[in-house]
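Just so you know, these numbers use all the heavy atoms, side chains as well, and skip hydrogens, waters and symmetry mates. In the text below, chain A, chain B and the rest are named by the order of the sequence lines, each starting its count at 1. All values reported here derive from a predicted model rather than from experimental measurement.
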2 protein chains.
Amino acid sequence: MADEEPTPVAPAAPARPAARRAPGVKDVAAAAEVSLGTVSNVLNRPQLVSPRTRQKVEQAMADLGFVRNESARQLRAGHSRSLAYVMLDAANPFFTDVATGIEEVAAAADLVVFLCNSGEEADREARHLDHLQQHRVHGILITPVNAADERLSRLQEQGTPVVLVDRTDGAFHGCSVFVDDVLGGELAVAHLIEHGHERIAFVGGPGTLSQVRQRRAGALRALENAGLPPDRLIELSTSALTVAEGRGAAERLAGLPAQRRPTAAFCTNDLVALGLLQMCVRLGIAVPNDCAIVGYDDIDFAAAATVPLTSVRQPRRLLGSTAAELLLDEANNPRHQHQQVQFTPELVARASTLGHPAQPHTSTKIPGVLAI
Amino acid sequence: MADEEPTPVAPAAPARPAARRAPGVKDVAAAAEVSLGTVSNVLNRPQLVSPRTRQKVEQAMADLGFVRNESARQLRAGHSRSLAYVMLDAANPFFTDVATGIEEVAAAADLVVFLCNSGEEADREARHLDHLQQHRVHGILITPVNAADERLSRLQEQGTPVVLVDRTDGAFHGCSVFVDDVLGGELAVAHLIEHGHERIAFVGGPGTLSQVRQRRAGALRALENAGLPPDRLIELSTSALTVAEGRGAAERLAGLPAQRRPTAAFCTNDLVALGLLQMCVRLGIAVPNDCAIVGYDDIDFAAAATVPLTSVRQPRRLLGSTAAELLLDEANNPRHQHQQVQFTPELVARASTLGHPAQPHTSTKIPGVLAI
DNA sequence: CAACCGCTTTGAAACCTTTCACTAACCGGG
DNA sequence: CCCGGTTAGTGAAAGGTTTCAAAGCGGTTG
């Protein structure tokens with residue numbers, strides 16, 4: 001770090017104005033010379049109030065700078081007008097895209113979304129959940145650190161609707177929205193096999209993540225379908241799904257003797273794939289000629305890589321919007337039934353498996369597969 | 001889109017259990033056979049309560065599944081135990097890193113951070129601000145769509161502390177935290193000049209963004225310092241700071257006649273730079289030999305690009321944590337003085353200007369500049 | 001003239017927690 | 001046995017909004 005000392009520029013201003021008590025409905029009522037109930041009517045059921053009175057009240061509100069007190073409102077109503085998404089990793093574009101889908105639905109229902117970031121830490125997640133429950137939020141969407149956490153079931157029982165996003169778990173008794181990860185793995189590896197690859201690295205880990213396990217299962221199924229033995233899948237396991245781990249995997253891959261070295265790699269997510277890609281090029285392994293690469297998630301940076309990355313796309317926004325709709329149904333519909341909604345992933349083929357440069361119009365069009 | 005129809009998997013469970021009213025302090029008091037004031041003491045000043053009584057109360061809380069009602073608590077206290085960061089673009093890793101810095105400070109002060117995303121839309125930002133004010137949040141950190149928006153000053157006057165993040169503006173009367181963008185632009189272009197470049201593209205826009213204007217001013221200053229005329233800076237202006245716009249700029253750059261074509265490009269942010277890099281390689285322009293590239297922000301994906309990107313780093317987390325500290329001071333210290341805190345950027349030199357592959361130990365070490 | 005109507009406005013209760021002045025009980029010392 | 005002092009626990013008030021039954025009002029109908 002060179003020079004990160006803060007530099008106060010201006011000595012600055014005389015501090016805030018003396019903060020006298022914020023005006024409430026009572027003050028507005030007094031100013032407008034009506035009862036406090038009338039003010040409330042103007043706010044909540046304006047059609048009940050005569051135009052003249054309404055106008056007077058609105059004027060008074062503007063004059064006083066009245067701001068509704070949401071706490072008091074919620075206290076009376078029993079619940080808030082907001083919902084929350086507790087995300088696993090705010091730095092991963094996948095989750096921010098999911099959040100966008102959630103926000104679309106929430107905005108339509110006139111709810112505000114609070115984004116909370118657990119950063120994959122269980123106790124930070126727990127703190128957020130406690131606080132949200134105390135806030136009596138309308139409901140919680142969450143991509144949990146651990147989907148089987150009994151805290152989630154408890155929340156649900158205590159009356160806060162909870163929907164799992166991009167996860168599902170038998171132990172959790174509620175709605176969930178997720179993508180068929182086994183199929184995703186199968187699509188990826190089938191694509192590689194169709195392009196002539198028969199020794200394929202599986203890069204990902206730790207195995208405690210259900211996503212990793214399922215995507216590997218899909219990879220094995222693709223091998224089986226093609227009549228290839230399971231040992232053609234060469235494990236390069238990582239301790240996390242990060243760019244740095246992807247780079248490390250590339251070094252291990254480069255170290256393998258030529259005849260055992262895989263000609264292609266399937267990475268459990270795009271961050272790992274980008275790291276692998278970067279280090280392969282640096283080590284002189286040409287992509288895709290020496291080693292084809294498939295990633296997972298199809299984040300925007302995948303298409304923007306210097307060798308655009310073939311990746312398995314998940315319907316991120318749809319995942320978010322569907323989850324939000326399930327949540328609203330659970331919160332509002334007394335006859336709600338819990339649902340597990342599964343989506344289908346699709347492969348987006350790009351230069352990292354097709355060759356370089358990608359030609360949109362002539363690139364291989366695989367049935368059920370999107371070429372971009 | 002191939003197959004994104006949702007597939008309900010399980011017909012599922014019998015809906016939620018009949019939600020009877022959540023227990024409050026009153027119920028706990030009854031169950032523990034103490035007065036309601038005592039329960040409150042257990043919660044807020046446990047040292048005043050005898051161990052025996054406290055134990056009884058805690059047991060009752062556990063039995064009943066008591067959850068504090070934050071609304072009622074806030075109503076009494078007059079303000080909430082949370083603060084908010086309204087970010088300009090949740091999909092840009094720069095802002096999520098800033099958010100991390102904020103969260104560190106907030107967690108230490110036992111406050112919860114609500115992340116809100118304006119997505120560069122003024123009305124969405126306005127909705128968030130309204131709601132946050134109604135919530136009586138402790139304070140608001142914001143990277144606004146428009147820093148001169150009078151709404152921000154009004155919030156401040158009405159008693160909600162506001163701190164500008166990564167922006168500053170004379171029209172706003174409060175604290176702000178930002179980085180010296182003129183210096184950042186100067187560092188970038190000085191670095192290119194030192195590496196022998198004399199025709200340099202400036203890629204960025206629109207000019208309405210203060211960041212763009214200031215970084216360009218810095219670029220011009222670097223030329224002047226080196227005794228080069230200002231027309232050596234070739235404008236390639238974009239309509240937004242996105243990857244797609246970066247690609248478009250590369251096409252325009254490739255279209256220039258060889259003797260007028262710049263030998264280097266300075267991009268206003270890393271997204272633009274990554275797009276430019278990608279398209280240059282695709283069009284056969286070697287990086288850095290035919291065209292060196294410098295980005296801005298040093299997001300993680302910059303280092304992870306296949307040709308790692310030289311970029312101007314801003315102290316993102318520090319930006320966030322400093323802003324949060326200013327906010328807390330403003331909220332708690334009656335003698336608070338508004339401050340404008342400026343940070344210094346630094347250049348991180350990588351292969352996109354130094355050559356390929358980057359050798360950490362032998363790469364040019366420019367004074368005041370970090371080589372990675 | 002009384003009963004009734006629809007429309008507008010009112011006043012008080014309720015939501016749940018925290019705070020604070022107060023009492024009760026107990027201690028040891030005088 | 002009373003006193004001053006400490007500690008534990010009490011009960012009522014307060015905080016701002018919403019809701020709802022009821023009242024006021026001007027006019028119409030039987």
Side-chain angles (χ1 to χ4, degrees), chain A residues 19-58 60-61 64-82 130-131 133-137 158-159, chain B residues 19-58 60-61 64-81 130-131 133-137 158-160:
Chain A
R20 67 203 173 302
R21 199 178 51 75
V25 276
K26 208 180 325 187
D27 307 273
V28 174
E33 299 176 294
V34 297
S35 85
L36 136 184
T38 301
V39 177
S40 177
N41 280 337
V42 171
L43 288 166
N44 302 297
R45 296 186 287 302
Q47 75 284 3
L48 293 188
V49 181
S50 73
R52 219 181 73 81
T53 315
R54 185 162 69 212
Q55 216 274 324
K56 240 184 356 179
V57 172
E58 280 164 352
M61 286 186 185
L64 273 63
F66 168 74
V67 177
R68 237 168 162 148
N69 184 323
E70 182 72 15
S71 305
R73 195 180 187 198
Q74 280 182 203
L75 176 59
R76 193 76 212 329
H79 59 84
S80 83
R81 304 239 9 102
S82 47
D130 280 347
H131 191 256
Q133 188 182 16
Q134 292 177 9
H135 244 182
R136 302 290 193 270
V137 289
Q158 293 179 339
Chain B
R20 65 203 175 303
R21 200 178 52 75
V25 277
K26 205 180 329 187
D27 307 273
V28 174
E33 299 176 294
V34 296
S35 86
L36 140 180
T38 301
V39 176
S40 178
N41 280 338
V42 170
L43 287 167
N44 301 298
R45 294 185 288 301
Q47 74 285 2
L48 294 188
V49 180
S50 74
R52 219 180 73 82
T53 316
R54 186 163 68 213
Q55 215 274 325
K56 242 186 350 183
V57 172
E58 279 163 352
M61 287 186 185
L64 272 64
F66 168 75
V67 178
R68 237 167 161 147
N69 184 323
E70 182 72 15
S71 306
R73 198 180 183 199
Q74 281 182 205
L75 176 58
R76 197 73 200 357
H79 58 84
S80 82
R81 306 244 357 109
D130 280 347
H131 192 255
Q133 189 182 16
Q134 292 178 10
H135 244 173
R136 302 290 193 273
V137 289
Q158 292 179 340
T160 304

More than 12 foreign heavy atoms under 6.0 Å from CD of Gln158(B): is that the case here? yes
To the nearest 0.5 Å, tell me how far Gln74(A) CD sits from His135(A) NE2. 6.0 Å
Let me confirm one number: the OG-NE2 distance from Ser82(A) to His79(A), rounded to the nearest 0.5 Å. 10.5 Å
Testing Val34(A), Val49(A), Asn44(A), Asp27(A) one by one against Val39(A) for a side-chain contact (heavy atoms from CB on, under 4.5 Å), which residue passes? Val34(A)
Does dT10(D) have OP1 or OP2 sitting under 4.0 Å from an N or O in the side chain of Thr38(B)? yes
Phosphate oxygens OP1/OP2 of dT9(C): is one of them under 4.0 Å from a side-chain N or O of Ser50(A)? yes
Nearest-Å distance for atom pair CG/C1', residues Asp27(A) and dG15(D): 13 Å
Spacing of Gln134(A) atom CD relative to dC15(C) atom P, expressed in whole Å: 20 Å
Reading nucleotides 16-25 of chain D 5' to 3', which nucleotides get B (base under 4.0 Å from a protein heavy atom), which S (sugar-phosphate only), which -? BBBB------
Taken to the nearest whole Å, NE2/His79(B) to C1'/dG15(D) is 13 Å
Mind checking whether Arg54(B) and Asn41(B) have side chains closer than 4.5 Å, heavy atoms only? no
In whole Å, what is the span from the CD atom of Glu33(A) to the C1' atom of dT10(C)? 15 Å
Starting from P on dT19(C), measure out to CG on Leu48(B) and report it in whole angstrom. 11 Å
In this structure, how many angstroms lie between the P atom of dG15(D) and the NE2 atom of His135(B), rounded? 21 Å
Just the rounded figure in Å: distance from C1' of dC7(C) to CZ of Arg54(A). 14 Å
Is a donor on one side and an acceptor on the other found under 3.5 Å between the side chain of Arg45(A) and the backbone of Val42(A)? no
